[in-house]
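I have placed the structure first, in the form of structure tokens, so that the comments after it can refer back to it.
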Amino acid sequence: MSQSWHSWCHCPMRSNCSRLTTFTTTVFLLFSLTADAQETKETESPTAAELRAIAGDEFQIRKTEHFIIAHNCSYDVLRPYVGRLEGTYDAVLRFASSLGMTPSESPVDLPIIFYDDFDGFAAYARQMGMNPDDVAGFYHTGSKIAAFLNTANAPNLRPINDEIARAERSLRNMTQRGGATTGRRVGSLQANISDWRWQRDRIAEQYNRFVLQHEAAHQVLFVAGVHARSATNPQWLIEGLASQFEVPQTQPHGKLTGINHERLGDLRDALGIPPGRTGAGKIPPPFNTEKLLPLPILISDRDSFVRASIDLTTLYAQSWALALYL
């Protein structure tokens, strides 16, 4: 039976405003990659023809060193994520090599569909048995395709998009009417619109990057043989390992040294650790473990991610921490 491993993106979207504000202002380490994508024709690759048939004629096909991407957004939108896909690929392969599991050949043409519109993504997600209201990306082991939504157009961001649209209409009307105070009011409104756009684009960029790297990690971990398609893989290990690659892992020998501070923050929240407290040189505070899944259940229950009584955000953070510890 094929399985789908979906992103965590829907969980932080439910967080409170202060948590979301912290997320949008966090500066993450970005690494430089030179993986440029070239346009290809569907006749050059069976995967391209398959993707075109699945996604639709309006999708363009782009090929990178190891991925083939169907997308209906402009390449300017897609471009920042091309290097991150290849960076995730390289990081996972280095990790697999450190385990002695390097594939005999470098896998190529790993299929990706990048939807710019929610309706198109939602239709495909439902076809694959996923709830589009809960995910912004997923990897399907049966089809071996990873699919993503451009989070800038996700329903969660519609309120801010609507607010920007209303402000832009007001700006046009204000400019047409003119008046003695128009200049100051126009300047203030333009500043607000610019700030809202920055916040929206920052949220979308962060979520796109995290989701993309998480699901691409699933894809490559299966291709590299770290996870077996023919066996039942522990869900905590599948999600815990993919969560390691939501941040750049640049260690040349494949060691997972990059700390995922978003997952760490979620775990600290679940344990009730006050923000900013490190405990260095002090007696560790008494942790509240009631919000965590008991370790024997996390490890042994095959359906722990389906019927867990704890929040999925916490469950992913707990799996991330266990995989990192091991």
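Residue numbers count from 1 along this sequence. None of these values were measured; they are calculated from a predicted model.
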What are the two closest non-hydrogen atoms of Q199 and I160, and how far apart are they? CB-CD1, 4.3 Å
Under 3.5 Å donor-acceptor, D195 side chain and A191 backbone: no
With rounding to the nearest 0.5 angstrom, report the OG to CG distance, S74 to D116. 7.5 Å
Measure the shortest side-chain to side-chain distance between I299 and P234 over non-hydrogen atoms and say whether it is less than 4.5 angstrom. no
Using the side-chain contact (heavy atoms from CB on, under 4.5 Å) rule, pick out the option among R209, E215, Q213 that qualifies with V211. E215
Should the pair H218 and H214 be assigned to parallel (<30°), tilted (30 to 60°) or perpendicular (>60°) ring geometry? perpendicular
Will you find, in the side chains of W196 and E163, an N or O donor that is under 3.5 Å from an N or O acceptor? no
Plane angle bin for F114 and F148 - parallel if under 30°, tilted between 30 and 60°, otherwise perpendicular: tilted
Just one of L110, T88, L85, I145 clears the side-chain contact (heavy atoms from CB on, under 4.5 Å) bar with Q219, so which one? L110
Do you know the tightest heavy-atom contact between S304 and L315? O-CD2, 3.8 Å
Checking side-chain polar atoms at under 3.5 Å, does D117 have a donor or acceptor matched by the opposite partner on N72? yes
So, does H261 use its side chain to make a donor-acceptor pair with the main chain of L264 at under 3.5 Å? no
Under a 4.5 Å side-chain heavy-atom rule over Ile, Leu, Val, Met, Phe, Trp and Tyr, are Y325 and L298 clustered together? yes
For Q190 and L171 the tightest heavy-atom approach is CG-CD2, 3.8 Å
Inspect the surroundings of CD in E58 and state if more than 12 heavy atoms from other residues, nucleotides or ligands are less than 6.0 Å away. yes
Between N208 and Y81, a side-chain donor and acceptor under 3.5 Å: yes
Give a yes or no on whether the backbone of V92 and the side-chain of Q249 come within a donor-acceptor separation of less than 3.5 Å. no
Validate the cation-pi geometry between R52 and F59: distance from NZ or CZ to the six-membered ring centre under 6.0 Å, angle to the ring axis within 45°. no
Consider only side-chain N and O atoms of D266 and T313, and report whether a donor and an acceptor are under 3.5 Å apart. no
Starting from the C-alpha separation in whole Å, work towards a yes-or-no answer on side-chain hydrogen bond (donor to acceptor under 3.5 Å, both in side chains) for E86 and T64. CA-CA 8 Å; E86 291 293 342; T64 74; 2.5 Å; yes
Looking at E246 and R84, does any basic side-chain N land under 4.0 Å from a carboxylate oxygen? no
Tell me whether the NZ or CZ atom of R158 lies within the 45° cone about the ring axis of F118 and under 6.0 Å from its centre. yes
Could you give the distance from CG (N156) to CG (L149), rounded to the nearest 0.5 Å? 9.5 Å
S98 side chain to F95 main-chain N or O, any donor-acceptor pair under 3.5 Å? yes
